[in-house]
Structures are given as C-alpha cells and as structure tokens.
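Owing to the predicted nature of the structure, the values given are computational and were not obtained by experimental measurement. Residues take their numbers from the sequence shown, with the count starting at 1. For the numbers below, each heavy atom of this structure counts, side chains included, while hydrogens, waters and symmetry mates do not.
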Amino acid sequence: MSDGEPAVLGFRRVAATRFLTLERHVLVDPSGRWSVREVVRHPGSVVVIPWDGEKVALIEQYRHPAGRRIRELPAGKLDVAGEPPEETARRECIEEAGLDPDILRRVHGCFTSPGFTDEFSHIYLAEGLRPVDRKPQGLEEEQSTLV
C-alpha cells in the first residue's frame with residue numbers, strides 16, 4: 001500500500017455480462033478503516049469528434065439508461081480483440097455517422113467515471129470526412145439520425 005492509498009483485502013465477482021463485470025472490493029486505508037466499493041470492469045472505449053471545419057457531427061439516438069433520445073458524439077467499446085483504438089474510432093465513425101475520416105488525431109484520454117468504473121476512453125478528432133454508407137450495429141444505431 002502506498003502513502004494514503006487503501007489496500008485491497010479481497011474482491012469477488014458479483015455479475016458478468018457480454019462485456020461488463022461487476023466486482024465488490026474490500027479495502028482498508030492506512031488508518032485501518034475498512035470500506036467496500038463496487039467496481040464495473042469495462043474494456044475501454046473511443047469517442048470521435050467528427051469535424052468538417054465548421055460543425056461537429058452528432059448522433060441522436062434513444063438511450064435506455066437515460067430514458068430518452070439524446071445527442072452524442074460517435075463512440076464505441078474496444079470490443080474487437082487486437083483492434084487498436086484508432087481503428088475502433090474509424091470503424092465507429094463509419095458505423096454511426098457514415099463518415100470516413102482521412103485524419104484521426106488522438107486529442108485526449110480519460111477515465112469516464114472513475115468513482116465506479118475502470119473504463120478508459122480514447123478521444124479522437126476526425127477531419128477530412130468523406131461520406132460513406134452507414135453500418136449501424138444494433139437497434140439504437142439503426143434508429144439513430146445524424147445531426
């Protein structure tokens with residue numbers, strides 16, 4: 001245990017889905033206080049900012065956890081084994097927005113909600129956008145619109 005950081009006394013898997021795992025961790029801090037934390041394990045993700053020099057392309061789609069349609073940047077999970085994040089970003093931009101970027105530049109990376117998940121997101125600026133056929137994956141994307 002480093003200065004000020006808790007030690008993990010143990011953990012157990014509570015649930016697992018296609019791509020998420022929920023774990024319960026028991027921690028002890030340097031003063032000896034115990035705590036329990038639930039942790040969602042996630043494979044990571046990409047977010048794409050499709051920029052045509054004037055506007056950013058957004059996707060509007062229904063998101064069940066939000067309970068409504070929302071506007072968001074094209075994004076997706078790192079769920080193809082061996083696929084680099086930059087290629088995932090290109091694939092998601094094509095699938096969701098129907099835009100194939102000539103240039104993809106990684107501009108940032110961050111943990112999305114580090115209070116409960118280890119999901120790390122790679123954020124790319126996409127420029128030189130060429131329209132291509134969309135390749136939506138799943139119900140939400142099939143019903144989505146480009147705005």
Which heavy-atom pair separates Lys77 from Thr88 by the least distance, and what is that distance?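 So the minimum-distance heavy-atom pair works out to O-CG2, 3.5 Å.
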Any donor-acceptor pair under 3.5 Å linking the side chain of Arg71 with the backbone of Ile59?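 Checked: no pair found.
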Show your working on salt bridge (Lys or Arg N to Asp or Glu O under 4.0 Å) between Arg24 and Glu38 and close with a plain yes or no. CA-CA 5 Å; Arg24 181 164 291 130; Glu38 280 74 33; 2.6 Å; yes
Does Asp102 have more than 12 heavy atoms from other residues, nucleotides or ligands lying within 6.0 Å of its CG?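 Yes, enclosed.
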Same apolar cluster: Leu58 and Trp51, side chain cutoff 4.5 Å: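 Result: yes, single cluster for both.
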Regarding Lys135 and Glu141, does a basic nitrogen lie under 4.0 Å from an acidic carboxylate oxygen?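 Salt bridge: no.
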If the threshold is 4.0 Å, N to carboxylate O, is there a salt bridge linking Asp100 and Arg91?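 Salt bridge between Asp100 and Arg91, a charged N being under 4.0 Å from a carboxylate O: no.
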Can you give each donor-acceptor pair under 3.5 Å made by side-chain atoms of residues 106-120, sequence neighbours left out, with the distance rounded to 0.1 Å?
unit_1 : atom_1 : unit_2 : atom_2 : d
Arg106 : NE     : His122 : ND1    : 3.3
Arg106 : NH2    : His122 : ND1    : 3.3
Thr112 : OG1    : Glu119 : OE1    : 3.1
Thr117 : OG1    : Val40  : O      : 2.8
Thr117 : OG1    : Glu119 : N      : 3.2
Asp118 : OD1    : His42  : N      : 2.8
Asp118 : OD2    : Arg41  : NH1    : 3.2
Glu119 : OE2    : Ser45  : OG     : 2.7

Side chains of [X] and [Y] in contact at under 4.5 Å (non-hydrogen atoms):
{"X": "Arg63", "Y": "Arg68", "value": "no"}
{"X": "Ser35", "Y": "Leu27", "value": "yes"}
{"X": "Leu125", "Y": "Leu104", "value": "no"}

What do the steps show when you test Glu23 against Arg37 for salt bridge (Lys or Arg N to Asp or Glu O under 4.0 Å), and what is the final call? CA-CA 8 Å; Glu23 298 173 349; Arg37 297 289 183 267; over 6 Å; no
Less than 3.5 Å apart, any donor N or O on the side chain of Arg134 or Ser144 sitting next to an acceptor on the other?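 Result is yes, a qualifying pair exists.
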